[in-house]
Each structure stands twice: as C-alpha cells, then as structure tokens.
Trainee: 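Got a structure here, written out as structure tokens. Questions coming.
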Amino acid sequence: MPEGHTVHRLARTLETLFAGRPLAVTSPQGRFAHGAALLDGSVLVRAEAWGKQLFCGFASSGDDDVARWLRVHLGLYGAWTFAGTGDDVVHAIGAPRRRIGERDSVPAGVAADAPGAWEPPAPRGAVRVRLLADSAVADLTGPTACEVLTGAEKADVEARLGPDPIRPDGGRGDLAAARDAFVARVRRSRVTVGQQLMDQAVVAGVGNIYRAEALFRARLDPLRPGRDVPAAVLAAIWDDLVDLMRDGAATGRIVTTRPEDRGAGTGPAPGAGRRRTRQNTDDDTGAVPADEAFYVYHRDGLGCRVCGTPVAVADLAGRNLFWCPACQS
DNA sequence: TGACCATGTAGAG
DNA sequence: TCTACCTGGTCAA
C-alpha cells in the first residue's frame, strides 16, 4: 500500500538488482503471460518513478535504447518481494508481505541464501510478474496495473500526472516551476484541498498518509475549498511534501512528527494499536516508533499531539480523512 | 473459517 | 457518487 516514496524506492532497488543484464521475465500466475513474453530475455536499462507509477525500461539484448516500458501501479494491495544473494535483497516493498520463499522454519543444515548455491525460491502466492537474474529475483503480486507500453504511451500516462515532489525537477523542469504548477492548480478549483491532495493530476505520489499529515503540519482545514487557500500556504505545503516524501524515499518509512511532539503526554492513548498502520519498513532502524510517527493518520479518537483535542475521522470521497478539528480550523 | 480491512484507481450512471 | 477489482494479513467466531 504504497505512496510515492515507496515507488521511487522500488525503482532504485530494481535498478540496483537488475539493470544492465538480460532478465528472464515470466508470469507464474499467468495473467501477464503475453506481456512477460514481450519482455523475456531483454535488458533492464533503467527504472524510474513518477508519483505512484513505476516504469521499467527494457532494451533488446546488447542495445541501450529502451524499446518497451513495463508500467506497474501497485494500487492498494500490490507489492514486490525480493530474494537473492547479496545485501540488497532482503526486503519487500509495497503492501506487507513475507519475503519470497520465507518459511516458518528453515530445515536443519540448510543455510538461507548460501552463496554459490543460490536457486530462486518458488513463487509465493499469485505472482503476476517474476524478474529473474543470476543472483536475484523480484516477484510482483496484486498490482492494479501491469502492462507493456511504448515510449509514446508512457508519455501519455506522464502527461496526466501532476508534479512529483520526489523527482529532482518535480516533473516540471525545476522544483520552483513544479511548486508553481501545484499552487495554481489547487487554487483553480473550489474542490476541497483535502480532496485535491489525493488527486494525482494535482500532485503525484501523495496518498492518504501524506495528505493527512501535510495538512496537519500546515494547520489547514482539509475541507477548505482550494481556491480559498492562500498561495503562500500551498507553497509551504509543497515544500513540506518535498522534505517529507524525499525523507520517506530515503528511509522507506513515513515519519512526519517533529521530535518535540513525540513521546509522553501526547502519545499512544487508549485504543492505540487496535489499528496498526502496516507501514513497510524494510528493516526497521528503530529510529521513531511506529506509534509516534504520525500526527493524525489512524489516530482518530486519540488526543492531538499538539492540543489534546480528539483527532477526527470522516469519509471524504470514499477515503478516510483524519484531522484535528481544533488545530486545523 | 470467514469477515473485514488497507498508504488506490477506473469506469459507469 | 457508486461499484468493481487486485491480494493477503488480522481478528473474531
């Protein structure tokens, strides 16, 4: 269940593991058999992300020009899991998944991932796509979208996306232009700013967590019409998203709370943990405990970390919206 | 065992 | 605004 930071991380991981060599591409589940056949044996040239869209560029063997793009959108449930030799291949990215081949118990005398004897583990679950190289394998399950595109078709997809705070140029040439585009787009409409932040044509890569947290950090009422939000407030939200989401892409975790707002007094109250946010964490660095990472997301009924008012939740366009009615009014 | 849930999107009406 | 769809983890019965 990824937001944009997860997809950027995925692109990096896929490049690290697979770029520059021919891959065996299969569809163990069968639902992507045709697309897999188109890509099988070609070379992954690069992988990139724009918002929540992942693009993997493939070239014919011995060629550097991308001939076909694999477009993947994980949706709510999609995930990649990885296995192989080497230090890079220890995690799953996306919805919570056990690693490929992970077992409840390892047979005695069998060393996991023993160098020199690596065999790809059997696909686990409904694997739409498997990418296999000499020493690494990646399995994709549950994507909302998985298709092979031409360069022109990829451009069409990108043309419908708003600026992406994680891309170095924001997807608009430079970050200042990207910020301007975001501000102008939000102020063009009377649709609530809470809804617009989830619109991938307004800003690409923001999901329910970054929406709730960015609005709280700006102390902005999610139900305020976009056209009524001052440009300076929107510009500050963009800048904040750049910081938060790039940090998320670097660490694999979303942490939005400032140190002074964590810990005793405002922290987990009754009911905390009844609904854990199953954030993908690679291997946890132990930096910020999961129940202190957010201001409002999944904290409905708990006291606001800043003012103590119970955090509210409501349905907005079919998604749960979390906010502090006192701080954000 | 089965209902419910989730960081999402697309298409119909 | 609604429904369908993709999957698997969690929890109640």
Trainee: Roughly how far apart, to the nearest Å, are B:dT7 and C:dT1 at atom C1'?
Mentor: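 After rounding to an integer number of Å, I get 22 Å for this pair.
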Trainee: May I have the distance from A:E3 (atom CD) to B:dG8 (atom P), rounded to whole angstrom?
Mentor: 5 Å
Trainee: Quick one about A:D164 and A:H8 (side-chain donor to acceptor, distance below 3.5 Å, no hydrogens or angles considered), yes or no?
Mentor: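 Indeed, the side chains of A:H8 and A:D164 share at least one donor-acceptor pair under 3.5 Å.
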Trainee: Quick one: does A:D261's side chain get under 4.5 Å of A:P259's, heavy atoms only?
Mentor: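 No - every pair of side-chain heavy atoms lies 4.5 Å or more apart.
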Trainee: From the list C:dG8, C:dC6, B:dT7, which nucleotide is the closest neighbour of the side chain of A:Y297?
Mentor: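 From the listed options, B:dT7 comes nearest.
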Trainee: Given atom CG of A:L54 and atom C1' of B:dG8, what is their separation to the nearest angstrom?
Mentor: 15 Å
Trainee: Look at A:E213 together with A:R217 and state whether they make a salt bridge at an N to O cut-off of under 4.0 Å.
Mentor: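 Looking at A:E213 and A:R217, the cut-off is not met.
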Trainee: Expressed as a whole number of angstroms, how long is the span from A:L161:CG to B:dG8:P?
Mentor: 14 Å
Trainee: In whole Å, what separates the P atom of C:dG9 from that of B:dT9?
Mentor: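 One P to the other, the span is 22 Å.
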Trainee: Can you check whether A:W80 reaches A:L74 side chain to side chain, under 4.5 Å on heavy atoms?
Mentor: yes
Trainee: In whole Å, what separates the P atom of B:dT1 from that of C:dC6?
Mentor: 23 Å
Trainee: Strictly under 3.5 Å: I want the nitrogen or oxygen pairs between protein and nucleotides 9-13 of chain B, one per line.
Mentor:
unit_1, atom_1, unit_2, atom_2, d
B:dT9, OP1, A:H73, NE2, 3.1
B:dT9, OP2, A:K52, NZ, 3.4

Trainee: Picking from A:V148, A:V66, A:V43, A:L70, what satisfies side-chain contact (heavy atoms from CB on, under 4.5 Å) with A:F58?
Mentor: A:L70
Trainee: Please state how far atom CZ in A:R128 lies from atom P in C:dC6, giving the value in whole angstrom units.
Mentor: 8 Å
Trainee: Rounding to the closest angstrom, what is the interatomic distance between C:dA13 and B:dC5 at atom P?
Mentor: 14 Å
Trainee: If I take atom CG in residue A:D315 and atom C1' in nucleotide C:dC2, what distance separates them, rounded to the nearest angstrom?
Mentor: 12 Å
Trainee: Over how many whole Å does the gap from A:D199 atom CG to B:dT7 atom P extend?
Mentor: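 Distance, rounded to whole Å: 17 Å.
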Trainee: Distance check needed: B:dC4 P versus A:L76 CG, whole Å only.
Mentor: 17 Å
Trainee: Can you tell me how far C1' of B:dT7 sits from CG of A:N320, to the nearest Å?
Mentor: 12 Å
Trainee: Is any side-chain N of the basic residue among A:R179 and A:D239 closer than 4.0 Å to the acidic one's carboxylate O?
Mentor: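 Looking at A:R179 and A:D239, the cut-off is met.
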Trainee: Any side-chain heavy atom of A:R130 sitting closer than 4.5 Å to one from A:S27?
Mentor: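 When only atoms from C-beta onward are counted, A:S27 and A:R130 do not touch, as no gap falls below 4.5 Å.
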Trainee: Categorize A:G318 for me: base, sugar-phosphate, or nothing, with a 4.0 angstrom heavy-atom threshold over every strand shown.
Mentor: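 No contact.
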